[in-house]
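Written below as structure tokens is the structure these notes are about.
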Amino acid sequence: MKDACRISAEALRVAGEAVRPGISTYEIDETVRRYIEKQGASPSFLGYGGFPASACISVNNVVIHGIPKKTTILRDGDIVSVDVGAYYKGFHGDNAFTFPCGSVSESAKRLLYATRESLYEGIKQAQVLNRIGDIGSAVQEYVEARSYSVVRNYVGHGVGTKLHEDPSVPNYGTRGRGVKLLPGMTIAIEPMVNEGTHYTRVLGDSWTVVTADGKLSAHFEHTVAVTHDGPKILTVCD
Ligand code: MG
């Protein structure tokens, strides 16, 4: 699982290095796919539920599940969420990061910073005998204190031999509620944070999730193991 997660993290780093004005999201996806395959792994998302690419690449008001395209060309000032997983020797890793493309606005920078920090607030709660609601409430409180909103329609999840497993890991909730966390559980914590309303809609391609009000959205994710020594982030590069 550690190996699958390391490959996932490295694939995400490779994607981030490719982000620049003028590149298409298709080219980034190809770079990611080639990297994962070179490691002897396979892209977890390719073909998952019929998804046509190796990474979800979601630009600006796209929350998640953006389909990489030759016609989606990144521009200076975009924010670019890349979500990617790798399957290796029977296990999946899953992670996401929102990259600034070129120079982005101060408000976009604040959104990226807050979303990333909210992920770490959630991870801190991934302690043995805590509950899923401790994670969600920590993320939600951090985000809403900064006047952003957390997406409700999509949530984090268990991850292991399957990409999506129980339990669901919402980015909202009530402290002390929900499934109890036990040593050895591996979960993907993935706040999706909107500048405006938390409401989303799905475009006609039945994949692309956008903010209902057209404002920006950011997404950060790590695969985390619950251990007696505390939360251990598995999606880290060597
Ligand atoms: Mg995930």
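One-based numbering along the sequence shown. Start at 1 and go down the list; that is how both ligands and their atoms are numbered. Keep in mind the model is a prediction, meaning the values are calculated, not measured.
Backbone or side-chain N, O or S atoms of H164 do not reach the Mg ion (ligand 1) at under 2.8 Å. At least one N/O/S atom of D94, from backbone or side chain, sits under 2.8 Å from the Mg ion (ligand 1).
Annotation for T223 and G93: closest pair OG1-C, 4.1 Å, computed over non-hydrogen atoms.
Summary: OE2 is the N/O/S atom of E190 found nearest to the Mg ion (ligand 1).
Residues L74 and I28 meet the side-chain proximity criterion, which asks for heavy atoms closer than 4.5 Å.
The OE2 atom of E221 and the NE2 atom of H157 meet at the Mg ion (ligand 1) at an angle of about 110°, given to 10°.
Annotation: cation-pi pair K70/Y26 present, NZ/CZ under 6.0 Å from the ring centroid and within 45° of its normal.
Within the structure, the side chain to side chain donor-acceptor pair (under 3.5 Å) test picks out the following pairs touching residues 201-213 (sequence neighbours left out): D205-T208.
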